[in-house]
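Report on the structure given below.
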There are 2 protein chains.
Amino acid sequence: MVRMIDVANHAGVSLKTVSRVLNNEPHVQDALRSKVHASVKELGYIPSASARSLRSSRTYTFHLISRTVEGNFVNTIQSGAVRASQKHGYNLIVSLMGFETLNEPEALERWSKSFLIQKRPDGVILVPPYSDSPLFNEIINKAGIPISRIGPNEIDDMNNVNITIDDGVAAKEATNHLISLGHRRIGFIRGYEDHGATHKRFKGYSDALQEAGIDLDPSLVKPGMFSFESGMNAGLELLSMNNRPTAIFAANDDMAAGVIVAAYRNNIKVPEAVSVMGFDDSELAERIWPTLSTIRQPLLRYGEQAVEYLVNRAGNNSKKKSDRPSWTDILDYEFILRESTGPLNEYSIT
Amino acid sequence: MVRMIDVANHAGVSLKTVSRVLNNEPHVQDALRSKVHASVKELGYIPSASARSLRSSRTYTFHLISRTVEGNFVNTIQSGAVRASQKHGYNLIVSLMGFETLNEPEALERWSKSFLIQKRPDGVILVPPYSDSPLFNEIINKAGIPISRIGPNEIDDMNNVNITIDDGVAAKEATNHLISLGHRRIGFIRGYEDHGATHKRFKGYSDALQEAGIDLDPSLVKPGMFSFESGMNAGLELLSMNNRPTAIFAANDDMAAGVIVAAYRNNIKVPEAVSVMGFDDSELAERIWPTLSTIRQPLLRYGEQAVEYLVNRAGNNSKKKSDRPSWTDILDYEFILRESTGPLNEYSIT
DNA sequence: ATGAAAGCGCTAACAC
DNA sequence: GTGTTAGCGCTTTCAT
């Protein structure tokens, strides 16, 4: 094992000079700089991350905490986060925390200590529904670890960074699209009730109906769990109604895909007999038939932005809260028109 | 910050005793054990991972290295690996390495040094196509880091662990399924040529044809890249042939999903007019219509097993190669019959 | 602009 | 069975 002192001896300089060069610090003559670099290369020196962490109390790692890493949503965010982390010389650790842990303060604290605080990451990325747990946020904040929260329900005053789109506005636009196609009986499938997104998207849906002078029919609103299966079940219910909806807006793409399969199973054509609208623009959206009209969330950018902010805060190195004000970044969404939505027509009528 | 010495003072024991208790080492009286535990709790002591790593030269982290983390394959493996890692008190770092890096020895070495060896993980998990790069394997091995390789093309003698299914046997069974349905013109869509799986699955396909006395028609074999798009393109080609195949076996599910969309676009019914067979049993397989007949790889278990082996080797703590012999684990695959494959019939004939 | 010395928090080696 | 000592490899502090 080659250590820094070996490089120093080989280059004929002091330990500290090597350290300065490797950390790109100023106050070193160019001549010494290149000498050090040459020695590093010749000896094949690789710095020890642990030693550096111990002394500098920076680990150059971030943690992404989620309930599951399967499914397109977290997956794509993660992809953006890993790329951005590596770009800045950081590593990304993916941690999975049980959903139920959120509601058990003691379990939450135990989990945080053993899986998070012990590792002292330089920052944490929280995705729904964890972005919305005040207690969880507080535990992490107390440990002095900055947080980037993705898609939080409410913006708090805890000096964190929030990254999101305006779910309400987006859902309203999606609903207006269906209304403009002539639909008036429009079903809605909700997601997890503890995800803020569920409520915001539903509000966008109901606002659009109201503005169009359409009464909201509660029988057209079904619960869901953001999963394919829950979407399929809700779809089966909605499509077997006597006076079934002519369009269905699901709160995410996985559920919308479930509705489309439900339609196939009932021999109902999409979009001729029923239009289906999703939300997220997940990978699935272009892989199913008909391809899914949806709202694109900039998932990759969520991950990238989250990391950029954390790198920045770590760079400032200021543990003083005042130096890291709360910050909210509302990114643009995009309406994606594909083949699962179409005009109201004679097929639609039951 | 509470340190170990603070706990020792508070409990009235020595530093080393605290260390022994926290590491579950023997030779400590129960009375002292509980005293220490009490002090830990009272002071809210959390050990420092960096200090422990520096001294013990174990980092309690594994690296999973892949080209992308998007798509179901790596994603599911990762999920299993994260869970298993946490269970044993390890963290999983996800690293992305550019595909092209593999073919540039210098870039590969640079990447390894800055993103891998510097962090000194206690183990590395390699997925295709990285599991098959001898140079990459060698660089990691030289650094004394154990490797679990998932789905490697060839079993080497580098004292690593290999986890896979028998792709050839599985692909043969899949092809036999199509043959038993009466199909004789069976198309095949290949994957990346540098993935061993491509060749093994093709061999299973051609072996099955041969045993059934069917001549392999090279015009029915198309290249692919394991992506939805490449599958759709290959599907469009195959389905627009004058004498088109009555069944298509794609080397993975993403491509099979592409074939199904290609069929829709050409108004060809699946499975009535063409049967489609996938491979992997990815998330997609149950989310599209018709649901996909496929071969299930135990992806979650790949990840779990990979970690179990690494934990074991790290536990043995023996850097001597002789103590960690090469080991190959061939897991069971599963044939999954769904709705995309059906008997040859009058619709199939062009 | 450079170097010497101190020490981050822990575990390994060795005493007792 | 328990404690003492040394030191992992680096960055920080302070002296020059």
Side-chain angles (χ1 to χ4, degrees), chain A residues 1-36 39-40 43-60 89 113 117-120 122 143-144 314-315 317 319, chain B residues 1-36 39-40 43-61 89 113 117-120 122 143-144 314-315 317-319:
Chain A
M1 149 130 315
V2 182
R3 292 152 320 168
M4 194 178 265
I5 185 70
D6 301 321
V7 176
N9 292 337
H10 186 270
V13 297
S14 82
L15 190 62
K16 181 57 201 168
T17 300
V18 178
S19 172
R20 284 203 180 90
V21 171
L22 294 182
N23 289 293
N24 285 314
E25 285 172 34
H27 308 310
V28 182
Q29 288 188 346
D30 285 354
L32 292 190
R33 274 215 141 75
S34 41
K35 250 195 210 169
V36 168
S39 296
V40 164
L43 298 179
Y45 169 70
I46 301 173
S48 152
S50 333
R52 158 184 275 198
S53 295
L54 177 57
R55 191 62 245 233
S56 65
S57 59
R58 294 180 57 183
T59 55
Y60 294 91
K113 280 191 185 168
I117 302 180
Q118 184 168 147
K119 299 298 179 135
R120 326 234 167 187
D122 294 341
N317 217 346
K319 298 278 175 186
Chain B
M1 150 127 316
V2 182
R3 292 152 318 166
M4 194 177 266
I5 183 70
D6 300 322
V7 176
N9 291 337
H10 186 269
V13 298
S14 81
L15 189 62
K16 183 58 200 170
T17 301
V18 178
S19 172
R20 284 205 181 90
V21 170
L22 294 182
N23 289 293
N24 285 315
E25 285 172 33
H27 308 309
V28 182
Q29 287 189 345
D30 285 354
L32 291 190
R33 273 216 143 73
S34 42
K35 252 197 208 168
V36 168
S39 295
V40 164
L43 298 179
Y45 169 70
I46 301 172
S48 153
S50 334
R52 158 184 275 200
S53 297
L54 177 57
R55 189 62 246 233
S56 65
S57 59
R58 293 181 56 184
T59 55
Y60 294 91
T61 55
K113 280 190 182 168
I117 301 180
Q118 184 168 146
K119 300 296 179 135
R120 325 235 167 183
D122 293 342
N317 216 345
S318 45
K319 298 277 177 186

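Lettering of chains follows the sequences in order, A, B, ..., and the numbering in each one begins at 1.
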### Message
For A/K35, give me all partners under side-chain hydrogen bond (donor to acceptor under 3.5 Å, both in side chains), at least two apart in sequence or on another chain.
### Response
none
### Query
Separation of A/Y60 atom OH from D/dC10 atom C1', in whole Å?
12 Å
### Message
Need the bend value for the helix from C/dA1-D/dT16 to C/dC16-D/dG1: angle between end axes, 5 pairs each end, nearest 10°.
### Response
30°
### Task
Using whole Å, report how far CG of B/N24 lies from P of C/dT11.
12 Å
### Query
For B/R120 and B/K16, take the nucleotide of DNA chain D holding the closest heavy atom to each; which residue's nucleotide lies nearer the 5' end?
B/K16
### Query
What integer distance in Å separates A/H27:NE2 from D/dT16:C1'?
15 Å
### Query
What integer distance in Å separates B/L32:CG from D/dG3:C1'?
12 Å
### Query
Which of the following nucleotides, C/dG3, D/dT2, C/dA12, is nearest to the side chain of B/E25?
C/dA12
## Note on the structure
The ring pair (Phe, Tyr, Trp, His ring centres under 6.0 Å) partners of B/Y60 (sequence neighbours excluded) come to B/Y90
What are the atom names and distances for every N/O pair under 3.5 Å that joins the protein to nucleotides 7-10 of chain C?
from: C/dG7; atom 1: N2; to: A/R55; atom 2: NH1; distance (Å): 3.2
from: C/dG7; atom 1: N3; to: A/R55; atom 2: NH1; distance (Å): 3.1
from: C/dC10; atom 1: OP1; to: B/Y45; atom 2: OH; distance (Å): 2.3
from: C/dC10; atom 1: OP1; to: B/S48; atom 2: N; distance (Å): 3.1
from: C/dC10; atom 1: OP2; to: B/M4; atom 2: N; distance (Å): 2.5

### Task
Return the value, rounded to whole Å, for the distance between atom CG of A/L22 and atom P of D/dC10.
9 Å
### side-chain contact (heavy atoms from CB on, under 4.5 Å) involving B/T59 - partner list, sequence neighbours excluded
A/S50, B/S53, B/T61, B/R120, B/D122
### Message
Does D/dG3 have OP1 or OP2 under 4.0 Å away from a side-chain N or O of B/T17?
### Response
yes
What pairs of donor and acceptor atoms, side-chain ones from residues 22-32 of chain A against any protein atom, are under 3.5 angstrom apart with sequence neighbours left out?
from: A/N23; atom 1: OD1; to: A/R52; atom 2: NH2; distance (Å): 2.9
from: A/N23; atom 1: ND2; to: A/S19; atom 2: O; distance (Å): 2.8

Show me, pair by pair, the donor-acceptor contacts under 3.5 angstrom made by side chains of residues 4-18 of chain A, not counting sequence neighbours?
from: A/D6; atom 1: OD1; to: A/R3; atom 2: NH2; distance (Å): 3.1
from: A/D6; atom 1: OD2; to: A/R3; atom 2: N; distance (Å): 2.8
from: A/D6; atom 1: OD2; to: A/R3; atom 2: NE; distance (Å): 3.4
from: A/N9; atom 1: ND2; to: A/I5; atom 2: O; distance (Å): 3.4
from: A/H10; atom 1: ND1; to: A/S39; atom 2: OG; distance (Å): 2.9
from: A/S14; atom 1: OG; to: A/K16; atom 2: N; distance (Å): 3.3
from: A/S14; atom 1: OG; to: A/T17; atom 2: N; distance (Å): 3.3
from: A/S14; atom 1: OG; to: A/T17; atom 2: OG1; distance (Å): 3.3

### Message
How close do B/I46 and A/Q118 get, counting heavy atoms only, and between which atoms?
### Response
CG2-CA, 3.6 Å
